[in-house]
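To start, the structure under review is shown below, and the notes come after it.
Residue indices begin at 1 and follow the sequence shown.
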Amino acid sequence: MKRIILLVAATCLLSACVTSPTGRKQLMLISPEAAIVESRAAYLSTVSDLGSKDQLSSDKALAQRVATITGRLVSVAIAEYPQSAKWEWSVALVDDDKTVNAWCMAGGRMAVYTGLFKQLTLTDAEFAQIMGHEISHALANHTAERMSRAMATTLGVVAVGAMSDNPNMTMSAAGMAATLALELPNSRTAELEADQLGLEIATRAGYDPDAAVSLWAKMGAVGDGKSPPEFLSTHPAPQNRQAALAAMAVEVRKLNPQGQLAPVHPVQILTADKKP
């Protein structure tokens, strides 16, 4: 039985590699489709909780701004990644001026915190860079990748438990890995990938790629290093991020040198007046 468990674990790990949009090999034990299903349930629960606590914004002007900019990015995402046309694109506008954060789950379900605008005084192009980055995490299947990392840990624990004849340790550690699967931060490799893809998407949508550099300068200045924004806790910053983005911007600008704005794809904005 031990040999069978070890063989199954090894086979799964060796046969579950796929290629990301940038050509990177990804460990994918959890399918992107399964990640979308899990993300949908988590998103609806999160938004429902925010709504019940009156934590969704009622700022109609901000909601329209978010819808317009995000809608242009989604138009590009669908054109470049046709499988995302089936996604339920939406943004929950969270009324929290103290939190500088945004995220996008598998399947195009997003959240934006009002603190982004309150504390960073974002230009449209800078906000486009944030959302392009977040959308890229979803397009590159980073949610499924994080879940797969947890699953790989689980398989390793199962194998070790089988060898040590300690099933209680195996089940306890495996359960912990499953619980943390959706809470793991992205790897630095995934962050760099989202930087590249996000910069391309925002530029194709008509927004200045140089805004990626000014955005991260603002992000680094928030709290003067004493209280870093929530965004940085789930988005570990690679070294020399601004320099890397500045270098990429020179080439990426060629994708849309005139800065022609993309059409606005309908995106559901969840606010105090419009809940799921």
Could you give all pairs that pass the salt bridge (charged side-chain N to carboxylate O under 4.0 Å, His left out) test and reach residues 209-222, with sequence neighbours left out?
E126-K218, D210-R253
If you take all heavy atoms of [X] and [Y], which pair is closest and at what distance?
X: A102; Y: I130; result: CB-CG2, 3.9 Å
X: V252; Y: T203; result: CG1-OG1, 3.1 Å
X: P209; Y: Q129; result: CA-NE2, 3.7 Å

If you measure from [atom1] on [X] to [atom2] on [Y], what distance do you get to the nearest 0.5 Å?
X: S39; Y: L44; atom1: OG; atom2: CG; result: 10.5 Å
X: L73; Y: I135; atom1: CG; atom2: CD1; result: 5.0 Å
X: K274; Y: K60; atom1: NZ; atom2: NZ; result: 12.0 Å
X: Q242; Y: W216; atom1: CD; atom2: CH2; result: 9.0 Å
X: I201; Y: Q196; atom1: CD1; atom2: CD; result: 10.5 Å
X: D124; Y: D208; atom1: CG; atom2: CG; result: 12.0 Å

When T46, I36, V47 are each screened for side chain to side chain contact (heavy atoms under 4.5 Å, CB included) with R109, the one that passes is I36
Under a 4.5 Å cut-off applied to non-hydrogen side-chain atoms, are [X] and [Y] in contact?
X: D195; Y: L245; result: yes
X: V74; Y: V76; result: no
X: Y207; Y: I69; result: yes
X: F127; Y: L120; result: no

Determine yes or no for a side-chain-to-main-chain donor-acceptor pair under 3.5 angstrom, with [X] supplying the side chain and [Y] the backbone.
X: S57; Y: D95; answer: no
X: Q119; Y: V100; answer: no
X: Q268; Y: V91; answer: no
X: S84; Y: Y81; answer: yes
X: N256; Y: G259; answer: yes
X: S52; Y: D49; answer: yes

Could you pull out all residues at least two apart from D54 that satisfy side chain to side chain donor-acceptor pair (under 3.5 Å)?
none
Which label fits Y43 and W103: parallel for a plane angle under 30°, tilted from 30 to 60°, or perpendicular past 60°?
perpendicular
Mutual orientation of the aromatic rings belonging to W87 and W89 [parallel < 30°, tilted 30-60°, perpendicular > 60°]:
tilted
Might you confirm whether atom CD of Q83 has over 12 heavy atoms from other residues, nucleotides or ligands at distances under 6.0 Å?
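Counting other residues, nucleotides and ligands, CD of Q83 exceeds 12 neighbours.
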